[in-house]
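Presented below is the structure to which this report refers.
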Amino acid sequence: MKALFYPGCSMQKNARPYLDSLQAIREDINLELQEIQDWNCCGATEYMSVHRVAAHALVGRNLALAREQAGDTDLLTAGCSACYLNLAKTDNQMREDAGLKDTVNQALAAGGLEYQPGAMKVRHLLDLVCHDIGYEAVKARVVKPLHGLKVAAYYGCQVVRPDYDGRWDNHEHPTSMDKLLAALGAEPVDWALKTQCCGGHMTVIGPDVAFGLIRRLIHGAQEAGADLVVTLCPMCQLNLDAYQVEMNKHFHTDYRVPVLYFTQLMGLAFGKKAKELGIGKEFVDAAPALSRIQAEAPKVAEAKRKRRPKPGDALPMPGME
Amino acid sequence: MNAATRVPSASGRPGFLGEVMDRTPGDNRLDLCIQCGSCGGSCPAGREMEHTPRRLFALIRADEREQVLRSNAPWYCVSCYYCTVRCPQEVHITELMYTLKAMAIEAGLFHDTSLPDFSETFVDYVEKYGRSFELGIATRFNLRHHPLSLTGMAPLGLGMLKRGRMDLTPHKIDNMAQLTAILDKAKALERGLQ
């Protein structure tokens, strides 16, 4: 399968392990990625907060370049949630708002470009892997199943919401990545926070708010019994990994829940070396968790009898603070 | 601008409501809000907001322009889109928050300048290089607003460098002239729409 590829600024550097692991597994899943030549920043959530309409022209240039360079494919993919959403949003809103379509194209014309909305099909990388390449094709490449590894699939916000093209089974409790990780031999844990916010840009502009959100997620994953959190977004990885260290300082806690990209786990299951997959560049060391991977599938324990609730037991509430 | 003398907007709604709707691309449906409060109840940053989205939307309808544009609420929006997918009226709530931020910057009304300044710092780097530059953005923003935090953040920055996860210099795209021409034109058109 061939797709145009928008790496985005994060994947170039802070999320380099995401890009490196993607490059390492690309051939295994028969995915040909053609990088858009001379792409520009998507604007993240910031450009749109200052220049409401010009933000769509900023993204429009990337869409127009993608269309120009696409050749025999109309697929366009990105690994970063914000990059993906901005591409999908501009395409979608140009479709539903003729005025915007006209404005963006007038602006693009100043640079000798044009874009007809719908010309590219914008898909997040996880969407391509799960829904186009498929779990069976992934499973067929597994040589070292991740038996015994308990994983919390963390989707974050901007891939499964607002979901303009109806690509996901659920906006709040999706299961696609859980199924992918199960296909790799890992055991996805059941947890309620899989699409809660990682704090986004609040780690920079309002750290106290961000630390609360990060603690909730890390605590939730640990409470659910996960050895590590698996993510699909550079910002989520940065906030939950690098800022987990800062969050621990803030609350005087000592959480050590590693956060890896789904592509890194795919690489491990496909028999690639950890170094080739950028494993080791995370702040919270993933090695202890990865040492739990067993050669054999663990035996399924007999289901325990549920404890009868005692009087005075509190109602189960989401672990906010 | 006096609401009473405003020409009817393209949305057909008068006053500040029409202004906010017209400046929000896409079919934003703000006039269909039924004040149910699903948005505020779904918001991970709602506790920090001076007004929940529901209250903001009521104030917009009441033409309380200044109170709305002074609110910290849009700046605490983390763009998680929970409100958007839960809204029974399918109002594009997150999109409207972007509009309110842009309008607040333009009007110079928000009382804490650090939050808009982060967005503006980011925009400056994109317009200069065509790419984001984390080290420059974080340093410039923190120097200006939280200089004392820089020593505290140093281990994080050094950790990023050590792991090869941060650039020391920005990357510039090849055809910067093309991007600048596009953005300049878009901004001129945007001013014309206002």
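Labels below follow one simple rule: chain letters A, B, ... track the order of the sequence lines, proteins then strands, and each chain is numbered from 1. Excluded from the calculations below are hydrogen atoms, water molecules and symmetry mates; all remaining heavy atoms, backbone and side chain alike, are included.
Between the CD atom in A:E172 and the OG atom in B:S42 there is a gap of 7.0 Å [rounded to 0.5 Å]. With rounding to the nearest 0.5 Å, the separation of CG in A:L85 from OG1 in B:T94 is 9.0 Å.
Contact detail for B:Y98 and A:K89: the closest heavy-atom pair is CE1-NZ, 3.6 Å. Of all heavy-atom pairs spanning A:H201 and B:C77, the tightest one is NE2-O, 3.9 Å. Contact record, A:F283 with B:G159: CZ-C, 3.6 Å, taken as the closest heavy-atom pair. Smallest separation of non-hydrogen atoms from A:C157 and B:C80: SG-CB, 3.2 Å. The nearest pair of heavy atoms linking B:E190 to A:A54 is OE1-N, 3.1 Å.
Ranked by heavy-atom pairs under 4.5 Å with chain B, the first of A:V160, A:L100, A:V104, A:V204 is A:V204. Of the listed residues (B:P155, B:S132, B:A177), the one with the most heavy-atom contacts under 4.5 Å to chain A is B:S132. Between chain B and the options A:D163, A:T103, A:N92, heavy-atom pairs under 4.5 Å are most frequent for A:T103. Comparing B:E127, B:R163, B:K185, B:K101 by heavy-atom pairs within less than 4.5 Å of chain A, the highest count is held by B:R163. Among A:R161, A:M94, A:Q93, the residue with the largest count of heavy-atom pairs under 4.5 Å with chain B is A:R161. Among A:V53, A:D38, A:I205, the residue with the largest count of heavy-atom pairs under 4.5 Å with chain B is A:D38. Options B:F118, B:Y81, B:Y82 differ in how many heavy-atom pairs under 4.5 Å they form with chain A, and the most are formed by B:Y82. Ranked by heavy-atom pairs shorter than 4.5 Å toward chain A, the options B:M103, B:H92, B:K162 are led by B:H92. Among B:D174, B:I105, B:T84, the residue making the largest number of heavy-atom pairs under 4.5 Å with chain A is B:D174.
Contacts between A:T195 and chain B at a heavy-atom distance below 4.5 Å involve backbone atoms as well as side-chain atoms. Of the two parts of A:Q158, only the side chain, counted from C-beta on, holds a non-hydrogen atom closer than 4.5 Å to a non-hydrogen atom of chain B. Using a 4.5 Å cut-off between heavy atoms, A:E246 touches chain B through its side chain atoms alone. Residue contact with chain A, scored on non-hydrogen atoms closer than 4.5 Å, involves the side chain of B:V126 exclusively. Of the atoms belonging to B:E48, it is side-chain heavy atoms, and not backbone ones, that fall under 4.5 Å from chain A. Residue B:L156 touches chain A through both its backbone and its side chain, counting heavy-atom pairs closer than 4.5 Å. When heavy atoms are compared at a cutoff of 4.5 Å, B:M160 approaches chain A by way of both its backbone and its side chain.
Contacts between residues 44-51 of chain A and chain B, counted as heavy-atom pairs separated by less than 4.5 Å, involve A:A44, A:T45, A:E46, A:Y47, A:M48, A:S49, A:V50, A:H51. Residues of residues 11-19 of chain A lying under 4.5 angstrom from chain B, judged on non-hydrogen atoms, are A:K13, A:N14 in numerical order.
Counting only distance, with no hydrogens or angles, the side chain of A:R52 and the backbone of B:E95 share a donor-acceptor pair below 3.5 Å. Panel note: side chain B:Q178, backbone A:G111; a donor-acceptor pair is recorded below 3.5 Å.
The pair B:R165-A:D241 meets the salt-bridge criterion, with a side-chain N (NZ, NE, NH1 or NH2) lying under 4.0 Å from an Asp/Glu carboxylate O.
Heavy-atom neighbours of A:R256 CZ from other residues, nucleotides or ligands within 6.0 Å: at or below the threshold of 12. With a 6.0 Å radius and a threshold of 12 heavy atoms from other residues, nucleotides or ligands, A:K249 has its NZ atom above the threshold.
At least one side-chain heavy atom of A:R61 sits less than 4.5 Å from a side-chain heavy atom of B:I173.
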